[in-house]
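Since the structure comes first, as structure tokens, the remarks are kept for the end.
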Amino acid sequence: MKPIDHAFHLASRAHQAEDTVIDLGPVSVGTTGLLIIAGPCAVESQDQIHTLARTVSCAGAHVLRGGLFKPRTSPYSFQGLGMQGLDMFEEAARANNLLTITEVLDLQHIDALHDHIDIFQVGSRNMQNFPLLKQLGQTQKPVLLKRGLSSTIEELLSAAEYILLEGNMKVILCERGIRTFQNDLRFTPDISAIPVIHRLSHLPVILDPSHSVGDRDTVLPIARAAVAAGADGIMVEVHPHPDRALSDGQQSLDPSLFVQLMRETERVARAVGRQIPAC
Ligand code: PEP
Ligand code: MN
């Protein structure tokens, strides 16, 4: 076998020239249609998640996000409902024809959530949790792999390689902002990562404007910029009452701002030859 002299191989354009298209059932990611993932930072209550599922579905989202296990900077912050939130999350999504995505923090979460969740999310803080990546590689579920907050693009693609090497080729990459010297926003969205990743890799890449900026008023322009730069989708935090959210309220859109985001990104999508497919 030819020796591999790069940090990643299966993830590279050299290995596969054509874009990877991941079939999620009602929609695909990696084609001209954009994938829209929206929902709260965390599942908080039956009422909250059902309201949101209805809101984001009516506005045209495809996937409901909602953290059950929250990786919080402070151990005193809300840690998520855990498995107790799973039924309400799943029911809210199914009742509104939405797919589901939630973050796994631990190897045990993979088995526990496998039959209930459509896409596994690996958060920034776990981008290089290699046992977790390998175990996800042994499933055949799509994995959304978020870029570490201080990770290079090469490190992101090498992390994806751990999943691919185990046989799971359904990896969606996610830019979510990195640490830089600017401190006006929570992180700095690396818009340039989108074309760079598209050049280096065949894997789809989406952008999370919410965690990238940490500020609701900056989410819309960054979502538009991501789509203009060629992102294959976006993931956005929405809350029925952002000021009362148990986590990340400051960056959560209220329903009307989310509707506006959908309208604006749709227009940018059309300008660059893409569209937001109806489910
Ligand atoms: C999230 O999307 O819920 C999240 C915690 O994001 P990140 O891992 O990018 O901080
Ligand atoms: Mn969040």
Side-chain angles (χ1 to χ4, degrees), residues 35-44 48-49 52 56 61 63-75 77-82 85-86 89 99-106 109 113 117-129 132-133 136 142-153 155-156 159-160 171-180 185-191 193-194 197 205-216 218-219 222-223 226 231 233-254 258:
L35 182 71
I36 310 294
I37 304 174
C41 181
V43 177
E44 296 174 2
Q48 176 240 25
I49 197 66
L52 271 169
V56 303
V63 184
L64 183 66
R65 63 153 288 147
L68 298 170
F69 303 96
K70 294 306 302 172
R72 304 306 300 282
T73 302
S74 166
S77 302
F78 176 58
Q79 303 285 307
L81 295 181
L86 178 59
F89 180 51
L99 299 167
T100 51
I101 182 168
T102 202
E103 179 168 353
V104 285
L105 293 182
D106 192 292
H109 298 159
L113 294 170
I117 294 297
D118 299 304
I119 308 172
F120 285 127
Q121 176 173 328
V122 177
S124 266
R125 292 155 189 82
N126 269 312
M127 188 199 85
Q128 288 184 316
N129 181 335
L132 193 66
L133 300 177
L136 288 165
V143 178
L144 180 82
L145 179 63
K146 297 190 89 173
R147 180 179 180 182
L149 35 105
S150 297
S151 298
T152 65
I153 291 171
E155 286 163 345
L156 171 63
V171 178
I172 307 163
L173 303 168
C174 181
E175 166 60 40
R176 50 78 70 213
I178 50 172
R179 288 238 193 263
T180 65
L185 294 167
R186 193 173 174 193
F187 295 96
T188 300
D190 184 3
I191 300 287
I194 298 163
I197 291 171
V205 56
I206 72 165
L207 187 134
D208 170 349
S210 307
H211 291 89
S212 293
V213 297
D215 162 50
R216 136 174 10 114
T218 319
V219 168
I222 298 305
I234 50 173
M235 175 155 87
V236 187
E237 286 187 341
V238 190
H239 196 284
H241 308 286
D243 297 335
R244 280 189 252 148
L246 298 181
S247 59
D248 285 349
Q250 74 291 348
Q251 69 198 30
S252 299
L253 304 184
D254 64 21
F258 180 64

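Numbering of ligands and ligand atoms starts at 1, following listing order. Since the model is a prediction, treat every value here as computed from it, not as a measurement. Hydrogens, waters and symmetry mates are skipped; everything else that's a heavy atom, side chains included, is used.
Atoms CD and CZ, from Q79 and R72 in turn, are 7.0 Å apart once rounded to the nearest 0.5 Å. I234 contributes atom CD1, which lies 4.5 Å from atom CD1 of I36 (distance to the nearest 0.5 angstrom).
Contact annotation: the side chain of M235 approaches that of L144 to within less than 4.5 Å [non-hydrogen atoms, C-beta and beyond]. The side-chain heavy atoms of P240 and L52, taken from C-beta on, include a pair separated by under 4.5 Å.
A salt bridge links E237 to R65: at least one charged side-chain nitrogen sits closer than 4.0 Å to a carboxylate oxygen. By the 4.0 Å N-to-carboxylate-O rule, D248 lies too far from K70 to be salt-bridged with it.
Among protein atoms, those of element N, O or S found less than 2.8 Å away from the Mn ion (ligand 2) are C41 SG, H211 NE2, E237 OE2, D248 OD2.
For the pair R216 (side chain) and L253 (backbone), a donor-acceptor distance under 3.5 Å is absent. The backbone N or O of D190 lies less than 3.5 Å from a partner atom in the side chain of E175, making a donor-acceptor pair.
Just one residue in the list T102, L81, L68 forms a side-chain contact (heavy atoms from CB on, under 4.5 Å) with L86, and that residue is L68.
A heavy-atom cutoff of 4.0 Å around ligand 1 is satisfied by the protein residues R65, K70, E103, Q121, G123, S124, R125, K146, R176, H211, M235.
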